[in-house]
Amino acid sequence: MTSLPGDPGHGGRTAQRPPVVCTRCGTPAEGPPPTWTCSVENGVRCYFCDACSRENLRSIESRLDSAWW
């Protein structure tokens with residue numbers, strides 16, 4: 001059986017992912033946010049909650065950076 005680097009059985013440390021927070025309103029995600037929108041702006045990964053994504057759908061589809069919303 002093969003284990004990935006960082007798996008407990010591999011001898012490496014397990015990396016804790018930082019909690020996901022909406023970039024626009026600051027709402028924290030409860031666990032992995034499968035329905036949230038993810039965008040990469042200026043090399044930084046940004047997450048947007050369902051409410052912020054719905055409110056700014058046209059801007060997202062137009063590929064405007066969140067600074068323009």
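Predicted model, so just to flag it, every value in this text is computed and none were measured.
One finds the CD1 atom of I60 at 11.0 Å from the CZ atom of R54 (value rounded to the nearest 0.5 Å).
Residues satisfying the side chain to side chain donor-acceptor pair (under 3.5 Å) test with S62, not counting sequence neighbours, are none. In this structure T23 satisfies the side chain to side chain donor-acceptor pair (under 3.5 Å) test with no other residue, sequence neighbours excluded.
Contact detail for C49 and C22: the closest heavy-atom pair is N-SG, 3.4 Å. What you find for T37 and S53 is that their closest heavy atoms are OG1-OG, 2.8 Å.
The hydrophobic cluster containing Y47, built from Ile/Leu/Val/Met/Phe/Trp/Tyr side-chain heavy atoms closer than 4.5 Å, also comprises V20, W36.
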